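Just follow the structure's listing: the first ligand is 1, and inside any ligand the first atom is 1. In this text, all values refer to a predicted model and were calculated from it rather than measured experimentally.
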Amino acid sequence: MAKKKVTKKKAAVHVEPDFLESVSRNFDKAAALTKYPRGLLAQIKACNSVYQMRFPVKIGNEYHVIEAYRAQHSQHRNPTKGGIRFSQKVNQDEVVALATLMTYKCAIVDVPFGGAKGGVKISPRAYNPEQLERITRRYTMELIRKNFIGPGIDVPAPDYGTGGREMAWILDTYSTIKGGLNAAGCVTGKPVSQHGIRGRTEATGRGVYYGIREFCSNADDMKKLGLTPGMAGKTMAIQGLGNVGSHTGLISQNEGDVKIVCVAEYEGAIYKEDGIDMAKLLKYRKQRGTILKYPGSTTLKSRKDVLTVKCDILVPAALENQINMSNAHKVKAKIVAEAANGPVTSAAEDVLLKKGIVVIPDMYINAGGVTVSYFEWLKNLSHMRFGRMEKRFDQNTYHNIVNMVEKVTGKSITKKEKGMIVRGADEVDLVRSGLEETMVTSFNQIREIHKRRKSVKDLRSAAFISALDKISSDYLALGIFP
Ligand code: NAD
């Protein structure tokens, strides 16, 4: 009896696809629904180049040999683009899977880049800032040496374990060695003071919010899930309170009136039926280093339980393969918004779809980061802040219009009301507007494919087809594939 159980368990482990296999399977599933030539599909699927490196960095009195990667999945558009991950779990397949997703992500949101990704196999917690700086600068030197970085070649950005600080180190290293008029465009996600753009830090989380909001706005889709349209009052659970998870939570709560009932971090998961105030929780964690014992909350048995609590919207915002064959059957959320890359394995997705759960796929829902990175890159190449030319002009024009209307009607509005109407757009207003437009338009393209084509049963396949249509037209325009 015991033997049988083990065999069963082993078989279950065996059928679980790894991250790269999941991406590959998902691609094949969607590609089979298209009529593109097989050679073209093979070219779109293949990863063009991977640079694997090992370099020594002096840590204390000894040298650590650091393993790192940069994968460029596709150069059908240039430069290539994608974040850099610092994690002990980094490996070549993971980096390739992430670079692959970047290609489709950029196409879905009409950002004119090919996909790339970098990974450094370290646990950032194991090093102090000075050591991390040394590792980051050395990694950048390797990228420069092999021509794997540059504003027109390959442009990194933050990902798991990295942020503005690391991007500033990359920029400084690149500028010192290579220089050039457009050097600032060699990396995005930089601090605003270091050629960054306002609104980039929260862009991925904000994009996740816009994407969920757009899905929830359709009455028919929501009715199928037994939910009312709109986000207000919906319950949400979030795994991971890093850059993406924390901003998704804050913005969903503040702008969507969503109730965050459960969150998980490394140290565990907490639940609070009447809602967790995200701003207070983040402050609490900053002060105490933990989310546990947050006032009014109960601690769940395991941090993994966040994935299976009862809620309307589940936001996995940590790492890949979190919802897999071991827990997919226990997921109770009605909508899973893949804020992280690859949090649901392809096998687990089949289980979720059978249960009638909607999965909003990573390559669409977390594309807000690369969208605003594109704006940052454009800002760097144009050498000018967005809004600088038109802000005052717009402001004066609106002022004249309001004055005219007041004069004609003989009625006047308050100073506060006037202030709201006549305001010209700042950089952050334009970034948010561009991001919202991108997330709404891209979702409607995906929804259209999902609705129009009966053979397309899920949003991920629809998103893949949206990407394939756009990437194929680039290749077909070149006349390479008849
Ligand atoms: P981050 O390093 O800022 O945050 C990740 C958080 O998840 C950390 O606080 C970590 O402690 C927590 N975590 C890790 N494992 C956990 C677990 N098992 N349970 C609970 N918490 C856990 O990383 P990030 O930038 O927010 O990225 C998160 C995911 O979003 C990644 O998959 C990344 O590829 C994806 N993503 C990030 C961006 C971006 O702009 N940063 C853009 C698109 C996609």
Go through S346 and K29 one step at a time and tell me if the side-chain hydrogen bond (donor to acceptor under 3.5 Å, both in side chains) criterion holds.
CA-CA 10 Å; S346 60; K29 182 177 162 189; over 6 Å; no
Before you tell me yes or no, could you show the steps for N321 and T345 under side-chain hydrogen bond (donor to acceptor under 3.5 Å, both in side chains), namely the whole-Å CA-CA distance, both residues' side-chain angles and the distance that decides it to 0.1 Å?
CA-CA 5 Å; N321 296 351; T345 69; 5.9 Å; no
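Using a 4.0 Å cut-off between charged side-chain N and carboxylate O, E142 and R138 make a salt bridge. Ion pairing of K89 with E94 is absent here, as no side-chain N (NZ or NE/NH1/NH2) approaches a carboxylate O to less than 4.0 Å. Electrostatic pairing of E436 and R213 counts as a salt bridge here, judged by a charged N lying under 4.0 Å from a carboxylate O. Using a 4.0 Å cut-off between charged nitrogen and carboxylate oxygen, R25 and E21 do not count as a salt-bridge pair. Ion pair R432/E202 flagged as a salt bridge, since at least one NZ, NE, NH1 or NH2 atom sits closer than 4.0 Å to an Asp/Glu carboxylate oxygen. Of the charged side-chain nitrogens involved, none lies within less than 4.0 Å of a carboxylate oxygen, so that R385 and E427 do not count as a salt-bridged pair. Salt bridge R85/E320: present, at least one basic N to carboxylate O contact under 4.0 Å.
Shown here for T162 and P158, the closest heavy-atom pair between the two residues is OG1-CA, 3.4 Å. Minimum interatomic distance between V120 and V90 (heavy atoms only, all atoms of both residues): O-CG2, 3.7 Å.
For atom 41 (N) of ligand 1, the choice among V244, T248, V370 with the nearest heavy atom turns out to be V244. Checking Y160, F86, Y266 against atom 5 (C) of ligand 1, the nearest heavy atom belongs to Y160. With distances taken over non-hydrogen atoms, the option nearest atom 1 (P) of ligand 1 out of S302, G242, G240, G369 is G242. When A318, G82, A339 are ranked by how near their heavy atoms come to atom 29 (C) of ligand 1, first place goes to A318.
Taking distance alone, with nitrogen or oxygen atoms compared against 3.5 Å, K117 stays at or beyond that limit from ligand 1. Of the N or O atoms in K105, none lie within a sub-3.5 Å distance of an N or O in ligand 1. At a 3.5 angstrom cut-off on N or O pairs, G245 does not count as close to ligand 1. Inclusion of T204 in the set of residues having an N or O under 3.5 Å from an N or O of ligand 1 is warranted. Considering both main-chain and side-chain atoms, D159 comes within under 3.5 Å of ligand 1 through a nitrogen or oxygen pair.
Which parts of ligand 1 touch R85 is read off a 4.0 Å heavy-atom cut-off, strictly below it: atoms 31 (C), 32 (O), 33 (C), 34 (O). Near A264, meaning under 4.0 Å from one of its heavy atoms, ligand 1 places the atoms 20 (C), 21 (N). Shown in contact with N366 at under 4.0 Å from a heavy atom are these atoms of ligand 1, numbered in order with element: 43 (C), 44 (C).
The proximity of A317 to ligand 1, defined as any non-hydrogen pair under 4.0 Å, is limited to the backbone. Residue Q239 touches ligand 1 through its side chain alone, judged by heavy-atom distances below 4.0 Å. Contacts between R200 and ligand 1, counted as non-hydrogen atom pairs separated by less than 4.0 Å, involve the side chain only. When non-hydrogen atoms are compared, ligand 1 lies under 4.0 Å from neither the backbone nor the side chain of A157.
Closest protein heavy atom to atom 18 (N) of ligand 1: R303 NE, 3.5 Å. For atom 3 (O) of ligand 1, the closest heavy atom belonging to the protein is N243 N, 2.9 Å.
Judged by the shortest distance from any of its heavy atoms, K304 lies outside the 4.0 Å radius around the atoms of ligand 1. Contact between R125 and ligand 1 is present, with at least one heavy atom of the residue lying under 4.0 Å from the ligand. Ligand 1 has no atom lying under 4.0 Å from any heavy atom of R285.
Side-chain atoms of T136 and F86, non-hydrogen and from C-beta on, do get closer than 4.5 Å to each other. For the pair R206/M439, no side-chain contact is recorded, criterion being any heavy-atom separation below 4.5 Å from C-beta on.
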